[in-house]
Amino acid sequence: MHHKLIKPHPYISPTKPPPPCQIRSSHPRRICPSRERDTQRSAGAGETMEANGISGGTAEAAARRPPHVAMLVTPGMGHLIPLAELAKRLAARHGVTATLITFASTASATQRAFLASLPPGISSLSLPPVDLSDLPPDASIEMLMSEECVRLVPALTEALSRLMETTRLVAYFADLFGADSFDAAVAAGVPRRYLFFPGNLQGLTLILHLPELDVSMPGEFRDLAEPVRLPGCVPIPGADILSPLQDKSSPSYRWMVHHGARYREADAILVNSFDVLEPDAAKVLGRPEPGRPPVYSIGPIIRTDAAPVATDAPRAACLDWLDRQPPKSVIFVSFGSGGSLPTEQMHELALGLELSGQRFLWVVRSPSDEGAVNANYYDAESKKDPLAYLPAGFVERTKGVGLLVPSWAPQTEVLAHDATGCFLVHCGWNSVLESLVHGVPMVAWPLFAEQRQNAVMLSQGVGAAVRVPATKKKEEIAAAVREVMAGPGKGAEVRAKVATLQKAAIEGLLEGGAAMAALDEVASKWTGAEHA
């Protein structure tokens, strides 16, 4: 972790009692004005903001500027990329400029390069580091992100106040772990607050229902005899429910319940999914409900700048290799920017790919010594040579049919390539959407966070994937791969379904399409413009 030690922040987590001046209500993090006034601004915040191009100006000058939105990005490239792409879409269609606000804990070469590649109308600033040294050493990703967000409210309030002075700031967006930052938007006087949910409608439905499930459901999700049934969603076995919810005594669980309550404070919720993918959930969430903001499906939002930033940058060698393979003959294997496998599963996957007899392109990461599947969440680079962990002789035996790429490959370009016929995927939602947009059927191998319930939806509800059994044996892996690549039964159904969803995803983003119309409706509230 890269968290630096700075003066502790007086705000607290929902797992601790509030200070006397903090209002107790159904939204436990409402900031009292006296505490907000008295909170000392984090050292260095002003310098950070100035360095990123936020300078002084007059209110009159700001009024003549285009509508501006601020977007808080909680840690993870899977959170940054869709928000950045949303900013691009708003800029291209509605003339909106944007500031992406990131956390110091995720400052990395990968993130800096991505931010530097964004169009001129989209700027960024990094909030100052905060002290998280009081948290337990085994604190979960969800807890770290949530705590960091709430402790940054004073610095974020200052940043938004400056944007209110120097731009025509019309709206503020927080993502799924950032709802507590609505307090900063309120304090700074930002007129509208939105929640951007980078996952799917099923995941949003679960989190919105968490406060009532917390009260009504005894015991743990994993011990339920019957699957969890949510309105408009495929039944989810308790063991496949979002991983932070699997232990009610954990801080992560309390945080997620807390977020579920705070989501309802948004003016609207924008979701990175599309109605044809989740028609029943879309119908339920499309109906007005007292106390719940309107929900807009504006996806798929995926990364669009697949080409290297520098025009003279060399083409990735793996794409040259794909050029030499027959159409739809290669299975692409990647577990996202934050996932790694335990050594034993790496071995079974390698032997399963070999046993399948299929061509493969595998983005290989070194396993975590502790076996944590999210070991690379804050830093996507493998620390050791990942090929050294593969079974003896595997590299030599498969060099004619497989290509092993350490740490990273240009995923969007690989999925768009004619040679790619299947995606063995961790079921991170960005990767799922990229696969659907490019018409690539999936083998589901979920790792952490919401990926297991995504796998349930994709394999049992949508029918766009075949899931590898939990035992992860080489024979099971080989069978799933062969089925999706060439199977006449379930595999053929999956391939046909993905082709249908690809068409619907593309059509939704055309003029008059459902996703584009939804975004137009939201943006018209700031711009006053209506699109035909």
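No experiment lies behind these values; they were computed from the predicted model shown.
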Checklist entry - Considering only heavy atoms from C-beta outward, does the side chain of R151 approach that of L132 to under 4.5 Å? => result yes
Checklist entry - Is there a donor-acceptor pair closer than 3.5 Å between any side-chain N or O of H426 and the backbone N or O of L447? => result no
Checklist entry - Side chains of F332 and V425: does their closest heavy-atom pair fall under 4.5 Å? => result no
Checklist entry - So, the side chain of S431 versus the backbone of C427: is there a donor-acceptor pair under 3.5 Å, distance only? => result no
Checklist entry - Distance-only, no hydrogens or angles: does the E434 side chain make a donor-acceptor pair with backbone N or O of I302 under 3.5 Å? => result no
Checklist entry - Is it true that a side-chain atom of D267 and a backbone atom of R193 form a donor plus acceptor pair closer than 3.5 Å? => result yes
Next on the checklist: I'd like to know if the side chain of R192 and the backbone of K525 have a donor-acceptor N/O pair within less than 3.5 Å.
Outcome noted: yes
Checklist entry - Are P198 and L83 close enough that some pair of their side-chain heavy atoms sits under 4.5 Å apart? => result no
Item to check | CA sep, side-chain torsions, deciding dist, call: V414, L319, side-chain contact (heavy atoms from CB on, under 4.5 Å) | outcome: CA-CA 7 Å; V414 170; L319 299 176; 4.1 Å; yes
Item to check | Test log, rule side-chain contact (heavy atoms from CB on, under 4.5 Å), inputs L230 and V284 | outcome: CA-CA 10 Å; L230 298 167; V284 171; over 6 Å; no
Checklist entry - So, does R303 use its side chain to make a donor-acceptor pair with the main chain of N430 at under 3.5 Å? => result no
Checklist entry - So Y263 and F197, would you call those rings parallel, tilted or perpendicular, with 30° and 60° as cut-offs? => result perpendicular
